[in-house]
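The chains referred to below are lettered A, B, ... by the order of the sequence lines, with proteins before strands, and numbering in each begins at 1.
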Number of protein chains: 2
Amino acid sequence: MAKSNPPFMSGVPELLLLRLLQTREMYGYELVRSIREVTGEAISLGEGVIYPVLHSLERNGSLKSKRKPVGGRTRVYYALTRKGRDRLAKLQGDWHRIQTGIATALESPGHA
Amino acid sequence: MAKSNPPFMSGVPELLLLRLLQTREMYGYELVRSIREVTGEAISLGEGVIYPVLHSLERNGSLKSKRKPVGGRTRVYYALTRKGRDRLAKLQGDWHRIQTGIATALESPGHA
DNA sequence: TGAGGATACCTCGAACCAAAAGGTATAACA
DNA sequence: TGTTATACCTTTTGGTTCGAGGTATCCTCA
């Protein structure tokens, strides 16, 4: 029954979403393309990843959403809350830590 | 049935192991502590992660092992093969790509 | 001597996340 | 009218990592 910790490098999709929403409100479909773009095609997350993360972030209060009809379609725009900003700061710290750790490991001595 | 790709940032344990073994031969238990050390405590992988990865790397020819009795215990030392060096190069490239992608995303405009 | 901790190997089950594919519906374009 | 693009969503599958458990030897120290 022991609840295991999340895998040590998870939470990157969440991090990217929160970071993008820090700049401005965006909707799901837009975020999918945006992530591919801002990461220089290095990371491509499908809708099957984005939407569930968005929903869980909203459930836990990191995001708030509002629906906007545009043309005949409806867009759901997401914005950061206070809690979301805190969450973003935490994830950025986590990421920085492991990224630095890996860099250290890779650069260290002998490429003998 | 469609075979899904491995998660976009997996393979880091594998990368770290290969990198450490590039410098010198090491045995499993040693690698567990070494990873914690060289990453500045940022990453800590248990034996439940290390041993299976070691075994699968050996099966696919990236590592070769030899047993050495030391005191009354037996250590299994692992060394890189040619294929292991190629694999390491590939994983380093992959890692560099996504690491750069994320850095770009995080640094980009407005910390408004 | 015997209890406990460190060393050293290993495996199994559960948890968790992301991939892919599928499903609905409207708009635009050819 | 059919195909592509927009826009939302969920479910199934698959792979990786986590945690805990299991065996055995050695060393320390009461």
Side-chain angles (χ1 to χ4, degrees), chain A residues 1-17 25-36 39 42-60 63 65-78 91 94-95 98 102, chain B residues 1-17 25-37 39 42-60 63 65-78 91 94-95 98 101-102:
Chain A
M1 256 128 220
K3 183 190 300 184
S4 80
N5 286 329
F8 72 103
M9 12 198 336
S10 64
V12 170
E14 191 184 339
L15 169 60
L16 293 173
L17 287 180
E25 293 187 355
M26 297 174 94
Y27 57 97
Y29 195 76
E30 184 184 14
L31 285 160
V32 171
R33 285 170 310 185
S34 200
I35 285 184
R36 207 170 24 213
T39 62
I43 296 173
S44 182
L45 300 173
E47 301 172 39
V49 174
I50 298 305
Y51 286 115
V53 173
L54 247 17
H55 299 157
S56 100
L57 284 171
E58 183 173 21
R59 267 197 309 275
N60 80 20
L63 297 179
S65 70
K66 66 181 169 235
R67 329 187 107 253
K68 270 193 211 172
V70 176
R73 300 187 202 83
T74 299
R75 292 179 181 166
V76 183
Y77 279 85
Y78 291 90
L91 288 178
D94 289 352
W95 173 253
I98 65 178
I102 294 175
Chain B
M1 256 134 219
K3 182 190 302 186
S4 86
N5 288 328
F8 73 101
M9 15 196 337
S10 65
V12 171
E14 191 184 338
L15 170 59
L16 293 174
L17 286 180
E25 293 188 355
M26 296 175 93
Y27 57 98
Y29 196 75
E30 183 184 14
L31 285 160
V32 171
R33 287 170 309 185
S34 199
I35 285 183
R36 207 170 25 215
E37 224 182 84
T39 62
I43 296 173
S44 181
L45 301 173
E47 302 173 37
V49 174
I50 298 305
Y51 287 115
V53 174
L54 246 16
H55 297 159
S56 100
L57 284 172
E58 183 173 20
R59 266 198 309 276
N60 79 22
L63 297 180
S65 70
K66 67 180 166 235
R67 328 186 109 253
K68 270 194 210 170
V70 176
R73 300 188 203 81
T74 299
R75 292 178 181 166
V76 183
Y77 279 86
Y78 291 91
L91 288 178
D94 290 351
W95 172 252
I98 66 177
I102 294 175

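- The interatomic distance linking A/Asn5 (CG) with C/dC17 (C1') rounds to 14 Å, in whole Å.
- Comparing B/Arg73 and A/Val70 by the nucleotide of DNA chain D whose heavy atom lies nearest to each, the residue mapping closer to the 5' end is A/Val70.
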Cut-off 3.5 Å, no hydrogens considered: what does the side-chain donor-acceptor table look like for residues 6-17 of chain B, sequence neighbours left out?
| from | atom 1 | to | atom 2 | distance (Å) |
| --- | --- | --- | --- | --- |
| B/Ser10 | OG | B/Pro7 | O | 3.1 |
| B/Glu14 | OE1 | B/Arg87 | NH2 | 3.2 |
| B/Glu14 | OE2 | B/Arg87 | NE | 2.5 |
| B/Glu14 | OE2 | B/Arg87 | NH2 | 3.0 |

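- Proximity note for A/Ser4 (side chain, C-beta onward) versus C/dA18, C/dC17, C/dA15: the nearest is C/dA15.
- When heavy atoms are screened at a 4.0 angstrom cut-off, A/Arg75 is found touching the sugar-phosphate backbone but no base atom.
- The two atoms that bring A/Leu45 and A/Ile43 nearest to each other are CG-CG2, 4.0 Å, heavy atoms only.
- The CZ atom of A/Arg59 sits 11.0 Å away from atom CG of A/Leu54, with the distance rounded to the nearest 0.5 Å.
- Listed by chain and number, the residues in a ring pair (Phe, Tyr, Trp, His ring centres under 6.0 Å) with B/Tyr27 are B/Tyr77 (sequence neighbours excluded).
- Look at CZ on A/Phe8: it is 11 Å from C1' on D/dC18, rounded to the nearest Å.
- Within a heavy-atom distance below 4.0 Å of DNA chain D, the residues of residues 43-51 of chain B found are B/Leu45, B/Gly48, B/Val49.
- In plain terms, the two heavy atoms of A/Pro52 and A/Glu47 that are nearest each other are CD-O, 3.7 Å.
- The two residues B/Ser65 and B/Val76 make their nearest non-hydrogen contact at CB-CG1, 3.8 Å.
- Within the nucleic acid shown, B/Val76 comes within 4.0 Å of sugar-phosphate atoms alone, with no base atom in reach, counting heavy atoms only.
- An angle of 10°, rounded to 10°, separates the two end axes of the helix from C/dT1-D/dA30 to C/dA30-D/dT1, each defined over five pairs.
- Protein atom CD of B/Glu14 is 13 Å distant from nucleotide atom C1' of D/dG15, rounded to whole Å.
- Taking atom CD1 on B/Ile35 and atom C1' on D/dC18, their separation rounds to 15 Å, with Å as the unit.
- The nearest whole Å value for the distance from the CZ atom in B/Arg33 to the P atom in C/dA6 is 12 Å.
- The two residues B/Gly101 and A/Ala42 have their closest heavy-atom pair at CA-CB, 4.2 Å.
- When the P atom of C/dA8 is taken as reference, atom OH of B/Tyr78 falls 14 Å away, rounded to whole Å.
- Note: OH (B/Tyr29) to P (C/dT7) measures 5 Å, nearest angstrom.
- Distance CZ/B/Arg75 to CD/B/Glu25: 12.5 Å, rounded to 0.5 Å.
- For the pair A/Arg59 CZ and D/dC9 P, the interatomic distance rounds to 12 Å; values are reported in whole Å.
- In terms of phosphate contacts, B/Tyr27 brings no side-chain nitrogen or oxygen within less than 4.0 Å of OP1 or OP2 of C/dC9.
- The phosphate of C/dC9 (OP1 or OP2) has no side-chain N or O of B/His55 nearer than 4.0 angstrom.
- Taking the salt bridge (charged side-chain N to carboxylate O under 4.0 Å, His left out) definition, one finds that A/Glu30 meets it with A/Arg24, sequence neighbours left out.
- A search for side chain to side chain contact (heavy atoms under 4.5 Å, CB included) contacts involving B/Glu37 returns nothing, not counting sequence neighbours.
- Among the protein residues, A/Arg67 comes within range of no part of the nucleic acid, since none of its heavy atoms lies under 4.0 Å from any strand.
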